[in-house]
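Take a look at the structure set out below.
Residue numbers run from 1 in the order of the sequence given. As the structure is a computational prediction, the values presented were derived from the model and not from experiment.
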Amino acid sequence: MGAQLRVYKRRIKSVTATKKITKAMEMIAASRIVKAQRQVAASTPYATELTRAVTAVATGSNTKHPLTTEAEAPSRAAVLLITSDRGLAGGYSSNAIKAAEQLTERLRGEGKEVDTYIVGRKGVAYYGFRERKIADSWSGFTDNPTYADAKKVAAPLIAAVQQDTAEGGVDELHIVFTEFISMLTQTPVQNRLLPLSLEKAAEESGTKGEILPLFDFEPSAEDVLDALLPRYVESRIYNALLQAAASKHAATRRAMKSATDNAGELIKTLSRLANAARQAEITQEISEIVGGASALADATAGSDK
């Protein structure tokens with residue numbers, strides 16, 4: 001019985017140490033969420049105004065440009081999937097991967113070839129394990145992305161959009177990331193970045209139904225769109241990276257809180273079992289003492305006769 005009690009004590013000690021770790025990780029994730037939320041809020045006005053500018057240029061000119069013009073027969077699309085570099089975040093990465101898989105199947109069903117670009121080690125590992133082709137990948141910054149990281153990710157995507165499909169270019173650019181809605185809710189979303197839907201852009205920038213002023217473009221509307229294209233893609237990718245980072249921290253916090261609560265329940269269960277084992281050990285010792293005393297009394301009484 002003493003060996004069993006030692007096992008329970010050892011397990012309680014181990015689970016208590018794990019609980020301390022998960023609690024610390026929960027608090028770290030909670031502090032990072034606040035920072036990520038501030039970054040999302042700070043990046044949104046720039047992205048909104050940039051979308052407003054693109055909408056104004058597109059509606060004020062008849063220029064055909066990859067940023068705003070649908071291909072007559074799109075045959076190739078690029079999908080950027082944003083996952084995490086680390087685990088311990090519940091179903092965060094797997095949900096984003098599932099959304100990307102659904103989007104890829106839909107695009108292939110429309111007769112389009114799909115080039116997959118991935119941010120985060122989890123997504124790279126998923127595709128690598130299944131030996132699926134990846135056009136390009138990035139990792140190491142998903143917890144705290146910067147605008148420089150967004151530019152690095154956007155560069156090959158912008159080049160692919162500007163290139164002819166016969167030479168490996170794409171007609172469409174899609175992005176899959178996890179949108180941060182609240183501490184409890186994070187939802188994987190699929191957005192088409194290019195070609196830009198003017199109706200959706202007007203809705204996002206708050207210009208839907210608004211009569212935009214007439215503009216003169218110098219040197220030309222096409223040159224203005226060429227200048228805006230990289231900025232637009234970079235800002236949207238940066239905003240998506242920040243949303244994904246906030247969502248990942250929220251998912252980690254939720255997962256670690258669940259782990260901490262489960263560890264607490266397990267400690268209670270093990271403590272009850274340890275107390276029962278200790279009580280059984282004490283009862284057995286008392287029974288042995290009483291039995292020994294009784295046997296000694298009987299032996300003494302027999303010798304007196």
Return yes if some donor-acceptor pair links the side-chain N/O of His249 with the main-chain N/O of Asp143 below 3.5 Å, else return no.
yes
Donor-acceptor under 3.5 Å (Tyr92 side chain, Ala244 main chain):
yes
Any donor-acceptor pair under 3.5 Å linking the side-chain atoms of Gln186 with those of Arg254?
yes
Please walk me through it: do Leu241 and Asn239 pass side-chain contact (heavy atoms from CB on, under 4.5 Å)?
CA-CA 5 Å; Leu241 288 171; Asn239 188 266; over 6 Å; no
Main-chain N/O of Pro145 paired to Asp149 side chain as donor or acceptor, under 3.5 Å
no
Evaluate the side-chain contact (heavy atoms from CB on, under 4.5 Å) criterion for residues Tyr126 and Glu101: first the C-alpha distance (whole Å), next the side-chain angles of each, then the deciding distance (0.1 Å), finally the verdict.
CA-CA 11 Å; Tyr126 178 89; Glu101 294 276 78; 3.3 Å; yes
Please name all residues satisfying side chain to side chain contact (heavy atoms under 4.5 Å, CB included) with Leu184, sequence neighbours left out, ordered by chain then number.
Ser182
As an exercise, state the distance from CD1 of Ile82 to CD1 of Ile118, rounded to the nearest 0.5 Å.
11.5 Å
If hydrophobic clusters are built from ILVMFWY residues whose side chains come within less than 4.5 Å, do Val161 and Val79 share one?
no
Got Asn144 and Lys35 here, is their nearest side-chain heavy-atom distance under 4.5 Å?
yes
Going by atom types only, do Asn275 and Arg272 share a side-chain donor-acceptor pair under 3.5 Å?
no
So, for Asp171 and Pro195, which heavy atoms are closest and what is the spacing to 0.1 Å?
O-CD, 3.6 Å
Counting only N and O atoms by type, is there a donor-acceptor contact under 3.5 Å from the side chain of Arg108 to the main-chain atoms of Gly111?
no
Which pair of heavy atoms, one from Ala96 and one from Thr178, lies closest together, and at what distance?
CB-OG1, 4.0 Å
Cluster overlap Val15 with Leu273, hydrophobic side-chain contacts below 4.5 Å:
yes
Atom CE of Met183: over 12 foreign heavy atoms under 6.0 Å
yes
Can any side-chain N or O of Arg132 pair as donor or acceptor with the backbone N or O of Gly128 at less than 3.5 Å?
no
Check against side-chain contact (heavy atoms from CB on, under 4.5 Å), Tyr117 and Ile134
CA-CA 6 Å; Tyr117 297 78; Ile134 300 174; over 6 Å; no
ILVMFWY network linking Val124 to Phe141, side-chain heavy atoms under 4.5 angstrom:
no
To the closest 0.5 Å, what do you measure between CD1 (Ile237) and CG (Leu242)?
12.0 Å
Following the transitive rule for hydrophobic clusters with a side-chain heavy-atom cut-off under 4.5 Å over Ile, Leu, Val, Met, Phe, Trp and Tyr, establish whether Ile21 and Met256 coincide in one cluster.
yes
Are Arg231 and Glu234 within salt-bridge range, i.e. N to O under 4.0 Å?
yes
Are Leu173 and Arg192 side-chain neighbours, meaning at least one heavy-atom pair lies under 4.5 Å?
no
Pairing of Asp115 and Arg76 as salt bridge, 4.0 angstrom limit
yes
Point-to-point distance, once rounded to the nearest 0.5 Å, from CD of Gln190 to CG of Leu81
10.5 Å
Which residues satisfy the salt bridge (charged side-chain N to carboxylate O under 4.0 Å, His left out) test with Lys112, sequence neighbours excluded?
Glu110, Glu172
Residue pair Ser258, Asp261: steps toward the side chain to side chain donor-acceptor pair (under 3.5 Å) verdict
CA-CA 5 Å; Ser258 178; Asp261 293 343; over 6 Å; no
Nearest heavy-atom contact between Ala77 and Leu107 is CB-CD1, 4.0 Å
In short, Ala99 meets Pro188 closest at the heavy-atom pair CB-CB, 3.9 Å
Separation between OG1 of Thr22 and CG of Leu88, rounded to the nearest 0.5 Å:
10.0 Å
Please check: side-chain N/O of Thr185 versus main-chain N/O of Ile181, any donor-acceptor pairing under 3.5 Å?
no
Do other residues, nucleotides or ligands put more than 12 heavy atoms under 6.0 Å from Arg38 CZ?
no
Non-hydrogen atoms of Ala154 and Val233 that approach each other most closely
CB-CG1, 4.0 Å
Just checking Arg11: does its CZ atom have more than 12 heavy atoms from other residues, nucleotides or ligands closer to it than 6.0 angstrom?
no
Between Asn191 and Ile175, is there a donor-acceptor pair closer than 3.5 Å when you use the side chain of the first and the backbone of the second?
no
Are the side chain of Gln243 and the backbone of Phe180 linked by a donor-acceptor contact shorter than 3.5 Å?
yes
Please report the C-alpha distance between Val153 and Leu80 in whole Å, then the side-chain angles of each, then the deciding distance to 0.1 Å, and finally whether the side-chain contact (heavy atoms from CB on, under 4.5 Å) criterion is met.
CA-CA 9 Å; Val153 173; Leu80 173 63; 3.9 Å; yes
Nearest-0.5 Å distance, CZ of residue Arg106 to NE2 of residue His174
6.5 Å
In one Ile/Leu/Val/Met/Phe/Trp/Tyr side-chain cluster, 4.5 Å: Trp138, Leu193:
yes
Parallel, tilted or perpendicular: which fits the ring planes of Tyr147 and Tyr46, with parallel below 30° and perpendicular above 60°?
perpendicular
Kindly indicate whether the side chain of Ile97, heavy atoms from C-beta on, has any atom under 4.5 Å from the side chain of Asn95.
no
Distance-minimising heavy-atom pair for Lys19 and Gly264:
NZ-CA, 4.1 Å
Main chain of Val119, side chain of Thr83: is a donor-acceptor contact present, judged purely on distance under 3.5 Å?
yes
Please answer whether the main-chain N or O of Asp85 pairs with a side-chain N or O of Thr142 as donor and acceptor at a distance below 3.5 Å.
yes
How about Thr16 and Ile267: do any of their side-chain heavy atoms sit closer than 4.5 Å?
yes
Over-ring placement of Arg10 relative to Tyr8, 6.0 Å and 45° cut-offs:
no
Say you draw a straight line from OG1 of Thr146 to NZ of Lys152; how long is it, rounded to the nearest 0.5 Å?
7.5 Å
